[in-house]
Amino acid sequence: MSQFLKFECNLDTFVNDLEQKLNANEKKITQLLALEEKTYANFVKPLEMMEEYLEHFFTPLSHLNSVNNSEKTQEVYTQSLPIITEYSTKLSQNLAIYTAYKTIFSNEKHSLSLEQQRVLELNIQNFELSGAHLEKETKARLQEINIKLSGLSNDFSQNLINANNAFEYIIENKADVEGLPSSDIQAAVFEEDGITKYKFTLQMPSYIAYMTYGKNEKIRETLYKAYVTRAPENASIIEEILRLKNEMSQLLGFENFAQYSLASKMAEDEASVINFLEELIKNSQAQAKNELKELQAITSKEIQSFDSAYYAEILKKAQYDIDEEEYRPYFEQQSVLNGMFHFLEKLFAIHFEKVETTLWDAKASAYDVFVEGRLSARLYLDLEARDSKRGGAWMHNWQAHCTDEQGEEQFASAFVVCNFPASTQENPSLLRHDDVVTLFHEMGHAIHHLLSRVAENEVSGVNGVEWDAVEFPSQFLENFAYEPQVLKLFALHHQTGEVLPQSMIEKLVKSKNFLSAMGMLRQLEFSMFDFKLHSKLYQGETVQELLNEIRKTTALIKTPEYNKFQNGFAHIFGGGYAAGYYSYKWAEVLSADAFYAVVDEGIFHSETAKKYRDIILSQGGSQSMQVLFESLMGREANVKQLLRLNGIK
């Protein structure tokens, strides 16, 4: 059996090492193309594994640049990105490989496994979406565009990291931090010239703490304004990204980027997505307006965007007698992690064992994953915030489960990265329940990748899964973070070991859908903005005008004119969600439907849960998620379950 890879990345030699690997790959491609009789075994499989091994090499650099960002990682990543993008674009446009794949598919279709057929189908589609069949000049321009886009995306993300790190707000008046949780005050406090001061930043734990609990309205607005005006230089990057994506789409025969994007997704066409989003907006508006009335009723001042989290916390306490700070002692990071592992063991018969190995940071950790007693995968965790880490939370796959050219099994591995409050020798990392939900969400992505039993790496785990279905497993798992049976497995007081009292569990469950319709409208605003933004070419002020128009039906609280949300919309300009942010809601229909099937069967003795592991998780991208979901449920997804999940009637 193949061993797990050792995490290492030599920044001093990386660019040279990369160029050597790519040169070797190109020589191998030439040799493979010279074969007179090309088959799946002697042609497709070697190419497939060649790309897998390249991922093994490149992933540590992209990971380091996200979790231990430095001038050195930025320099090496920026140098490497155009090199690997040029290589990947040439490969995706190689007419000889494209022709060979079509011939092999025609010749061997009836003798290939479903997984192998899926590999060929997706590759043929990807070749066509990359312009492999187009004339030389067009392919050259597409290559230029891809290289430029990869650089712009990296610049967009780096600008946000720089902006987050550059801002700090110092408070000297102790009265301005009254009401904040003690753990947040401890994280902010420092001494300077014999004076006690408090530092707040745009890093999520710090920013959220003051926006939720800070009494000083002017400070809240200052922090909010700094957050929503970050990286103004990203405005010009957005324009260039939109221009290039529009040009690329039209070169490939599509009217716009949204149409291009949907070619590889579950959604049938643009109208399907727009109608889906408009229907959810329509179903959410009335309840959202009532929620805002309740929120506004607790203060005589008109609530502004920078007030909403603060007054929402007050209203939440009033309605549910719930104080999120009272819960944090029960959500100590390691206890939550251990409890989540125990939950997964009970639900799916998977077991986690910590292993000692050298990683990129002292706070990072590694766990071997066993399925019904059999070693199957490895999980890497990096859960705490630090200045060198980009914001947010994510799963990044590394190795994919598969069978290599020699018939040997390769195990899967993946990283889960979060930005939870940092622990110290004096203070443990105490999580908010939202953090718990985030951990479950990212773990849902991770087990989707790690539990795959597919033999072909390109459709194993999250590989090959339609983008508007990839959030299904993450959302499915996060829903369990509110289930009383599950909470009791990990909600233990970090000092006394006491289980979270039943009365507090009931309050938490009741508050789950607090202001849920307003939250739904916010996500639908992002989704509609993203999708319409890519449905035709927007430039200059028209980008903001589009967002303003959408907000007429989604933003119940007037957004300040200085708010430039789009300059921080990293999901679509720094990540892979362009014309695909709607995927969160599209996939949530699937996840809500499957979740309630498990809950209605009692969770731990659920037959649907077992089928979910064996169908959804084990089969990865080997078939369309539409096919897998219908195999799991015996029918199409029911959109009403999404409204039920969010408490929208």
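Atoms considered below: every heavy atom in the structure, side chains included; atoms not considered: hydrogens, waters and symmetry mates. Numbers here simply count residues along the sequence, with the first being 1.
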Verify, without hydrogens or angle tests, whether S157 (side chain) and N154 (backbone) share a donor-acceptor contact under 3.5 angstrom. no
Report yes if the distance between the aromatic ring centroids of F415 and H63 is under 6.0 Å, otherwise no. yes
N69 side chain vs N65 backbone, donor-acceptor pair below 3.5 Å: yes
Would you please classify the geometry between the F156 ring and the F573 ring as parallel, tilted or perpendicular, with 30° and 60° separating the classes? tilted
State whether the number of non-hydrogen atoms from other residues, nucleotides or ligands found under 6.0 Å of Q406 atom CD is greater than 12. yes
Shortest non-hydrogen pair, L628 vs G620, comes out as CD1-O, 3.5 Å
Any idea which heavy atoms bring Q410 and A400 closest together, and the distance? NE2-O, 2.7 Å
Main-chain N/O of N638 paired to D593 side chain as donor or acceptor, under 3.5 Å: yes
Is it true that a side-chain atom of S130 and a backbone atom of A132 form a donor plus acceptor pair closer than 3.5 Å? no
Side-chain contact, heavy-atom cut-off 4.5 Å: L61 with L11? yes
Is there a side chain to side chain donor-acceptor pair (under 3.5 Å) between E471 and S474 once you walk through the steps? CA-CA 5 Å; E471 295 294 334; S474 55; 2.9 Å; yes
Do L590 and Q475 have side chains that get closer than 4.5 Å, going by heavy atoms? no
Aromatic ring proximity Y260/F257, centre distance under 6.0 Å: yes
Determine whether the aromatic ring centres of F7 and Y380 lie less than 6.0 Å apart. no
Work out which heavy atom in E270 is nearest to a heavy atom in A258; give both atom names and the distance. OE1-CB, 4.2 Å
With sequence neighbours excluded, tell me which residues meet side chain to side chain contact (heavy atoms under 4.5 Å, CB included) with L251. T138, R141, L142, I145, E247
Minimal non-hydrogen separation, L54 against L18, with atom names: CD1-CD1, 4.2 Å
Using side-chain heavy atoms (C-beta onward) and a distance below 4.5 Å, is H448 in contact with V465? yes
Rounded at 0.5 Å granularity, tell me how far CG in L91 sits from CG in L22. 10.0 Å
To the nearest 0.5 Å, tell me how far C9 SG sits from L64 CG. 5.0 Å
Donor-acceptor contact below 3.5 Å, side chain N397 vs main chain G461: no
Within 6.0 angstrom of K611 NZ, more than 12 heavy atoms from elsewhere: yes
Proximity of F480 and F595 rings by center, below 6.0 Å: yes
Test of ring centre spacing under 6.0 Å for F476 and Y612: yes
According to the interplanar angle, ranging from 0 to 90°, do the rings of Y77 and F58 count as parallel (below 30°), tilted (30 to 60°) or perpendicular (above 60°)? tilted
K45 side chain vs T403 backbone, donor-acceptor pair below 3.5 Å: yes
Checking S150 side chain against I147 main chain: does a donor-acceptor pair fall under 3.5 Å? yes
Cationic N near anionic O, under 4.0 Å, E128 to K102: no
Spacing of CD belonging to E456 relative to OG belonging to S622, to within rounding of 0.5 Å: 10.5 Å
Rounding to 0.5 Å, atoms CZ (R453) and CG (L451) come to a distance of 9.0 Å
Are any of the side-chain nitrogens in K389 or D382 under 4.0 Å away from the carboxylate oxygens of its partner? yes
Is the ring centre of H449 less than 6.0 Å from the ring centre of H445? no
May I ask you to decide if V76's main-chain N or O and Q79's side chain share a donor-acceptor pair within less than 3.5 Å? no
Go through the steps to decide whether W586 and F472 satisfy the test ring-ring contact (aromatic ring centres under 6.0 Å, His included), and finish with yes or no. CA-CA 9 Å; W586 192 275; F472 166 22; over 10 Å; no
Do the ring centers of F14 and F57 come within less than 6.0 Å of each other? yes
Step by step, would you call F276 with Y582 a ring-ring contact (aromatic ring centres under 6.0 Å, His included)? CA-CA 9 Å; F276 170 72; Y582 78 89; 7.3 Å; no
For K28, give me all partners under side chain to side chain contact (heavy atoms under 4.5 Å, CB included), at least two apart in sequence or on another chain. L32, P46, M50, E405
Okay, side chain of S583, backbone of G580: is any donor-acceptor separation there less than 3.5 Å? yes
Under a plain distance cut-off of 3.5 Å, with no hydrogens placed, do H351 and E372 share a side-chain donor-acceptor pair? no
Under the side chain to side chain donor-acceptor pair (under 3.5 Å) rule, what do Q117 and E121 come out as? Steps first, then yes or no, please. CA-CA 6 Å; Q117 289 181 40; E121 288 168 353; over 6 Å; no
Can you confirm whether E636 is buried at CD, in the sense that more than 12 heavy atoms of other residues, nucleotides or ligands lie under 6.0 Å from that atom? no
Minimal non-hydrogen separation, L35 against N42, with atom names: CD1-O, 3.6 Å
Show your working on side chain to side chain donor-acceptor pair (under 3.5 Å) between S527 and D530 and close with a plain yes or no. CA-CA 5 Å; S527 300; D530 162 49; over 6 Å; no
Begin with the C-alpha distance, continue with both residues' side-chain angles, and end with the deciding distance and a verdict on side chain to side chain donor-acceptor pair (under 3.5 Å) for H133 and Q93. CA-CA 7 Å; H133 56 301; Q93 294 180 343; over 6 Å; no
Please determine, by modelled atom types, if S460 and N457 share a side-chain donor-acceptor pair under 3.5 angstrom. no
Measuring from atom NZ of K536 to atom CG of L533, what distance do you get when rounded to the nearest 0.5 angstrom? 11.0 Å
Going by heavy atoms in the side chains, are Y87 and E26 under 4.5 Å from each other? yes
For a 4.5 angstrom cut-off between non-hydrogen side-chain atoms, does L95 reach Y98? yes
Please test K265 against D468 for salt bridge (charged side-chain N to carboxylate O under 4.0 Å, His left out), starting from the C-alpha separation and ending with a verdict. CA-CA 6 Å; K265 292 184 170 70; D468 47 4; over 6 Å; no
With a 6.0 Å cut-off on ring centres, are Y581 and F569 close enough? yes
Could you tell me if the side chain of I447 sits less than 4.5 Å from the side chain of L379, heavy atoms only? no
Quick one: do the T89 and Q143 side chains pair a donor with an acceptor below 3.5 Å? no
Ring centres under 6.0 angstrom apart (F341, F352): yes
Among R118, E52, E48, which residue meets the side chain to side chain contact (heavy atoms under 4.5 Å, CB included) test with E458? E48
When you measure from the side chain of N234 to the backbone of I237, do you find a donor-acceptor pair of N or O atoms at a distance under 3.5 Å? no
Closest heavy-atom pair and its distance - S80, V15: OG-CG2, 3.8 Å
Starting at CD of Q250, measure out to CD of Q259 and round the result to the nearest 0.5 Å. 10.0 Å
